[in-house]
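This report refers to the structure that appears directly beneath it.
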Amino acid sequence: MAKEITSRSEDYSQWYIDLVKKADLAENSDVRGCMVIKPYGYSIWEKMQQALDKMFKDTGHVNAYFPLFVPKSMFEAEEKNAEGFAKECAIVTHYRLKTDPNNKGKLMVDPDAKLEEELVVRPTSEAIIWSSYKKWIQSYRDLPILINQWANVVRWEMRTRLFLRTAEFLWQEGHTAHATSQEAVKETVQMLNVYAEFVETFMALPVIKGVKSEGERFPGAIDTYCIEAMMQDGKALQAGTSHFLGQNFAKAFDVKFATKEGRLEHVWGTSWGVSTRLMGALIMAHSDDEGLVLPPKLAPIHVVIIPIFKNEEELSKIAEKIEPVISSLRKAGYSVKFDSRDTQKPGFKFAEYELKGVPLRIAIGPRDLENGTVEVARRDTKEKRVYQLSSIVEEIPRLLDAIQDNIYQKALKFKSEATHTVDSYDDFKRILDDKGGFILAHWDGTAETEEAIKNETKATIRCIPLDAKEEAGHCIYSGKPSTKRVVFARAY
RNA sequence: CGGGGUGUAGCGUAGCCCGGUAUCGCGCUUGGUUUGGGACCAAGAGGUCGUCAGUUCGAAUCUGGCCACCCCGACCA
C-alpha cells in the first residue's frame, strides 16, 4: 500500500524512480545532482564490481589509484578531450574557508587562499594517468601497462536521474599503454568483449556490440567501441565503452618508448569504463510492476525464508527444521536470509522481498511441518510450488540457474522483437514513434545526415554493429549509397 | 542558461482566491487482538507552514527579494 509503485504502462519513468526509491537502492541527496546509494543498492553494485574485477584480473590487469584532482594545465593537454569535457567540469579554485565577519556563524571562501592553478575534479582520468605513464615508460620492456582503477568521477550534468545520470558517479576506468597499434586495438576489442560477457552472463541482458560514429565518439579517441542494451520502454542504453586512443594521449603527454630496434616511438593507448549506470540498466531491463527482478548472479540475497507462525513455540520448531537447509545452502555459497521478525505479517514480507527482487522465496509453516514440505516461489515467473523439505537443498541451485536463464531468454526475446529493419525514412519515423526499439537502417556515413536525423527524430546512431553484414542499400535520409546498416534508437 | 511549476510533520497532501497559529492518509510510539499474500482496534508523539523583509491588531494565506527543488528544452556515461 504505502510501497505501491507506479505501473510501467502508466508512467515508465515514474515507475523507474519509484522502484529505485522503494526498493531502497538509492535516493536523491541534499547535494544537487548527487545521489546516496543505500546499502541494498550498494550491495548489488559490489556484486557487479566483484565479477568485473575478477574478469579484469583474469585478462592481466591490475588495480591502482590516481588523484581526484587534475591541474588545469594537465587537463587541457589533450585538446579534444579537454574540449569535450570542458562544459561539465567542477573546479576547485580555493583551499580555505574563513569565518564571515559580516555574517555571524557563517563561513566564506577566503579570498587570500586562491590556488595558483585551478584543480579540475576529474570527469575522467586520462590526463592524470598519462602524465604518470610518461614517467613510467622508457622502453618496450615497460610495455604493456594494463591498469584499472575503481573511482568516482564528476560531470556537472544539467539534468540528473538516479543511477542513469548523476553529477558524481562510481565507475571503473581501465587505461592501458601498448607498443603497437594492433596490440592496442586488440585490447580495446578484448575489453569490449569482457563487458558484453559480463552484461549478458551476469546481468542477463543481451547487447549489441558496435563502434560509435564520429559524432558519438569519446573526445580524444580514434575509435569508440560500445555495447548497447534495450530497455523495456524501447529506449537504448549505452552500457559500456572501450576506446582506442591511438597515440593521441601519448603525443599530448609526450610518452615515448625505445623499440627493440632503438627507435623512439609514441605509445598506443586504450581506455574503457562502465559505471553505476549499469544499475539503471539492470533495474529497467527485468523488473515489473511488483518491483525489482534481479538475476541470481547479482542478487545480494538468493533465497529468503519466511516462517509462518503464531507463537514463539511454532517459530522455534520451524527454525529447528529449516536450520540444516540454511547452513547447507550457505556452505554451498548461497546467500540466505531467514526473516523471523514477528513485527510484520507474512504477506507483508512476501511483498517486500518481491519489491526487492529476491529470486527465491521459501515459506514454511505448521502445515509444512506436518507434511515435511516447503512452498517455493520464483520471483521471475511468480510461480509457486511445494517441494519436499528433504530435496530443497538440491533444488535451489537448479532453480537459481533456471531463473538466471529465463530472465536472459526473456530479455533476448524482447530485444529481438524490439529490433526493426527499415528502408524508408517514413517507416523509420513511424516505428520510432509507435514502438521505439533498435532500428536497423542504411546511412550514408556523413555527420550531417546523422545530425539531421537526430534533430528531426531525437534518434541517434547507437552504433555500427561489429557483425553488420555487407549489404548494398540507400541511406534512408539522403538516398546516397550505403554498404551496411547501422543501429538507430532513442537513448538514455 | 531559456520556458513552466512547486515549497505545509519522516513521506504524500488539504487549507491560500476571500488573513484569525493548520486538514487528512501513510509511517512512527504504546497496549491489546491477529499472523499461509501488503492486519485490526484504541490511545499517543511529531509542524519556526523554504527563507528574509514588508503590509496588518493579527500572515501558511496579501506584497517584494532571495534560496532550493521538479518538469520541458539545450548538454550528457
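Note that the structure is predicted; figures quoted are calculated from it, not measured. Each chain gets a letter, A, B and so on, in the order the sequences are listed, and its residues count up from 1.
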Between B/G38, B/G36, B/C75, spot the one nearest the side chain of A/Asp368, thanks. B/G36
By nearest atom, which of the nucleotides B/G36, B/G38, B/C69 is closest to the A/Arg32 side chain? B/C69
Pairing partner of B/G37 (Watson-Crick or G-U wobble, both distances under 3.5 Å): none
B/C70 and B/G54, which share atom name C1', separated by this distance in whole Å: 29 Å
Write down the partner of B/U63 under the Watson-Crick or G-U wobble criteria, each distance required to be under 3.5 Å. B/A53
A/Tyr225 six-ring centre to A/Lys212 NZ/CZ under 6.0 Å and within 45° of normal: no
base_contact_polar (B/G36 base, A/Lys310 side chain, donor-acceptor, <3.5 Å): no
Among B/C69, B/A77, B/G36, which is the nearest nucleotide to the side chain of A/Arg367? B/G36
Span that lies between the P atom of B/A39 and that of B/U6, in whole angstrom: 36 Å
The Watson-Crick or G-U wobble partner of B/G2, with both key distances under 3.5 Å, is B/C72
What nucleotide among B/G36, B/G37, B/G38 has an atom nearest to a side-chain atom of A/Glu352? B/G38
Re B/G44: Watson-Crick or G-U wobble partner, both distances kept under 3.5 Å, found to be B/C28
What is the nucleic acid contact for A/Lys21, judged by heavy atoms within less than 4.0 Å: base, sugar-phosphate only, or nothing? nothing
Aromatic plane relationship, A/Trp171 with A/Phe169 - under 30° parallel, 30 to 60° tilted, over 60° perpendicular: perpendicular
Flag for A/Thr373-A/Asp368: side-chain donor and acceptor within less than 3.5 Å: yes
Looking at B/C75, B/G36, B/G38, which one has an atom nearest to any side-chain atom of A/Lys87? B/C75
Which of these nucleotides, B/A39, B/G37, B/A77, is closest to any side-chain atom of A/Glu354? B/G37
Nearest to the side chain of A/Arg277 - B/A77, B/G36, B/C75? B/A77
Decide, yes or no, whether a salt bridge links A/Lys337 with A/Asp339 under the criterion of side-chain N to carboxylate O below 4.0 Å. no
Any strand, both distances under 3.5 Å, Watson-Crick or G-U wobble: B/U23 pairs with none
For B/A60 and B/U21, measure between their P atoms and round to the nearest Å. 9 Å
Give a yes or no on whether a salt bridge exists between A/Arg361 and A/Glu354, defined as a side-chain N under 4.0 angstrom from a carboxylate O. yes
